[in-house]
2 protein chains.
Amino acid sequence: MSINLPLAEERYTAFNILLADDHQMIVDGISGMLAGEQAYRVAGTALDGQQAMEMIASRPDDYDVLLTDISMPLLSGIDLCKMVKASYPRIQVLVLSMYSSMAAVQEAVMAEADGYILKSSGREELLKALHRITGGGTYFSEAILPIIYSQYEKAKTQEDYQRILSARELEILAMIVKEQTSEEIGTVLFISKKTVDNHRANILEKTGCRTTVGLVKWAIKNGIEG
Amino acid sequence: MSINLPLAEERYTAFNILLADDHQMIVDGISGMLAGEQAYRVAGTALDGQQAMEMIASRPDDYDVLLTDISMPLLSGIDLCKMVKASYPRIQVLVLSMYSSMAAVQEAVMAEADGYILKSSGREELLKALHRITGGGTYFSEAILPIIYSQYEKAKTQEDYQRILSARELEILAMIVKEQTSEEIGTVLFISKKTVDNHRANILEKTGCRTTVGLVKWAIKNGIEG
DNA sequence: AAGTGCGTAGGTATTTATACCTATTTTCTT
DNA sequence: AAGAAAATAGGTATAAATACCTACGCACTT
C-alpha cells in the first residue's frame, strides 16, 4: 500500500464502487441505498464474477472498491477477490455474503478480502464497512465474531477437533456430495473402502455432523463444490 | 373480494407494504427502492415470519400488501402467506424468493400467494408485480415460466414421472433434510417406518434422485427447508 | 527421540437406506 | 360408476453407512 488513500470526507470525488451480485434485486437495492451518499458512487454493476473481472481488467482505474457476493455463476466472489487482489491491489474488496460460516470467512481472509459483511446486516453496517476499507483498513462484521469465537472455543474444549479438513478429507467430502458411495470412492482413489469409511468418520467428527445428510448441508453451506 | 380495490393511479394514499425478509440488506434495499415511489409506502418491516404475523394481527388495517421472502426463521414465508390469506384475505401477498423451482412456486400457489418474483429480478419487475397485485390481479415472474414448462414436458415424456411432490411427501422430505431417520419420522407422524420408506422411494422416483444425498441437494436447490 | 497428524487398513456389529413386491382404504376426478 | 392417485402397511433381501476398536508407516515439529 504505497499510496495513502485520503478519507471520504477529504475527497472531492466519490469512491467508485463496482457491485457484483447475481441477484438483480440486491444490485438495485444497494444502488438505491448508495444513491443518497455523496461519498460513494456505484460506477458499475455485474451479475457474475467473470463479468466483474472483465470490467475491472478493461478499466481498472474506474473502480476503487469491489463489493462482491461470494456465490456467483462462472466465477465465485472468492476467486474474483483473489484475482483482483493479485493484479490490482489498489482496489479494496468488500465481501458480502449470506453465510456466516467459519469456512467462508476463512476463505475470504485467505483471498485477501479487506472486509466481510453479511446480507443480514443493513445499510448502516455497509456504510461503516465502506468507510473503514476506503480508509485503508479492514472491516469484519460483528455478527461473525461470535462464530469465529465459538469455533475457537469448541477447538479448545473438544480436544483440538473442529479444525479444518485435510486435503484428502476435502477430496472425499466432495465425492460424497457427488453421490458416490464409500466403495466407489475407494475404487476411484485406489484405497480400501474401509479407509474411506475411516475418513468419513473423521469428517463427521471434525464438522460436527452426525449423518451424511448433515455433511451435504455442511458442504453446501461452506461452498465446497458449489 | 367484496371491496373493489382502486388502482394506484386513482388513489390519494399510497398502498401500505409490510416487508418481511430475514436479510436486513434486502429490507433496506427494497425500502430504498420504494422510497421514490408515491404509489407505495413501506409501512413496516419484519425480520422473520412470526414478527410479520404479529404485526399484521395487531394492526391488520395498516397493511395492503405483504411482500415476503420464503425462507425465514421461526415461520416460513409460505406458512405466513397461508395464515395471512386465511385471516386477512384483503391483504395481497407477493412472494419474493431466491428459488425458481417448481416445488417452491407450487407451494406459494397452494398458499394462495398473489404473486411470485425472484430476487434475481430487479426494481422494474418488482414495481410491475406490485402494480398488478394491488390491482387485484396476480403476477408470476416470467423467469419461472420456462421452469414450469420444462417440468411439464418432462412429465409428459417420462411417463408421468417427475410430477410434483404431494403435501405428505414434501413434509417427509423436509424431515429427511433435518437429519431424521425413517423410524424417527414415522414416530413423529404416527405412521409405520415402512410407510415412510415407501414415501422415500416415491420421492426418489419423482425427483429423479438415486440417494438421500441427491435428495438433500434437490431440496436445497428447490428451497425446501430454508 | 518423542509426539502429532495424516493416510492407510483391518475387525465386528448395528443401524439405516434401498430395491423389489403386494395390498387395502380413502379421496378426488372424470 | 369407474379410474387415478395418495396414504397406509407389510414381506424379503441387499447395500450402505455408522460406531466402536486396533494398528502401522510417513512426514513434520519440537
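Keep in mind that the numbers below use all heavy atoms, side chains included, and drop hydrogens, waters and symmetry copies. Residue numbers begin at 1 in each chain, while the letters A, B, ... track the order of the sequences.
Using a 4.0 Å cut-off, some side-chain N or O of B:R200 falls inside it from OP1 or OP2 of C:dT18. Under 4.0 angstrom from either OP1 or OP2 of C:dT15 there lies no side-chain N or O belonging to B:T181. Dashed line: the shortest gap from a side-chain N or O of B:T211 to OP1 or OP2 of C:dA17 is not under 4.0 Å. Contact check, B:S182 against C:dT16: no side-chain N or O comes under 4.0 Å of OP1 or OP2.
No hydrogens or angles considered: nothing links the side chains of B:T138 and B:R132 as a donor-acceptor pair under 3.5 Å. In this structure, a donor-acceptor pair under 3.5 Å is present between the side chains of A:Y116 and A:S97. Inspection of the B:E179 and A:T211 side chains reveals an N or O donor paired with an N or O acceptor under 3.5 Å. In this structure, a donor-acceptor pair under 3.5 Å is absent between the side chains of B:Q92 and B:T134.
Near DNA chain C, meaning a heavy atom under 4.0 Å from it, residues 186-197 of chain A has A:I191, A:S192, A:K194, A:T195 in order of number.
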Protein-to-nucleotide contact annotation, 5' to 3' order, nucleotides 23-30 of chain C [B base; S sugar-phosphate only; - none; under 4.0 Å, heavy atom] = --------
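Rounding to whole angstrom units, CD of residue B:E171 and P of D:dA6 are separated by 15 Å. Atom NZ of B:K206 is separated from atom C1' of D:dA7 by 11 Å (rounded to the nearest Å). One atom, CZ of A:R210, and another, P of D:dT18, lie 11 Å apart when rounded to the nearest Å. Computed from coordinates, the B:I185 CD1 to D:dA9 P distance equals 14 Å when rounded to whole Å. If you take CG of A:L173 and P of D:dA17, they are 13 Å apart, rounded to a whole angstrom. For the pair B:L204 CG and D:dA15 C1', the interatomic distance rounds to 14 Å; values are reported in whole Å. The distance between atom CD1 of B:I172 and atom P of C:dA17, rounded to the nearest whole Å, is 12 Å.
Of the listed residues (B:L66, B:V65, B:V27, B:I26), just one forms a side-chain contact (heavy atoms from CB on, under 4.5 Å) with B:L19, and that residue is B:V27. Results of the side-chain contact (heavy atoms from CB on, under 4.5 Å) test with A:D114 over A:L94, A:V93, A:I91 single out A:V93 as the only residue that passes.
With a 4.5 Å cut-off on side-chain heavy atoms, B:I17 and B:L130 count as touching.
Salt-bridge annotation for B:D21 and B:K119: present, with a side-chain N of the basic residue lying under 4.0 Å from a carboxylate O of the acidic one. Checked for salt-bridge contact, A:R168 and A:E171 meet the test: a charged N lies under 4.0 Å from a carboxylate O.
In this structure, the side chain of B:E169 engages the main chain of B:S166 through a donor-acceptor pair within 3.5 Å. Of the possible donor and acceptor atoms, one in the side chain of B:T207 sits under 3.5 Å from a partner among the backbone N and O of B:I203.
Direction of the helix axis in the helix from C:dA1-D:dT30 to C:dT30-D:dA1 shifts by 50° between the two five-pair termini, rounded to 10°.
Nearest nucleotide to the A:E183 side chain, out of C:dT18, C:dG7, D:dA16: D:dA16. Distances were taken from every side-chain heavy atom of A:R168 (C-beta onward) to each of C:dT8, C:dA17, D:dA7; the shortest belongs to C:dT8.
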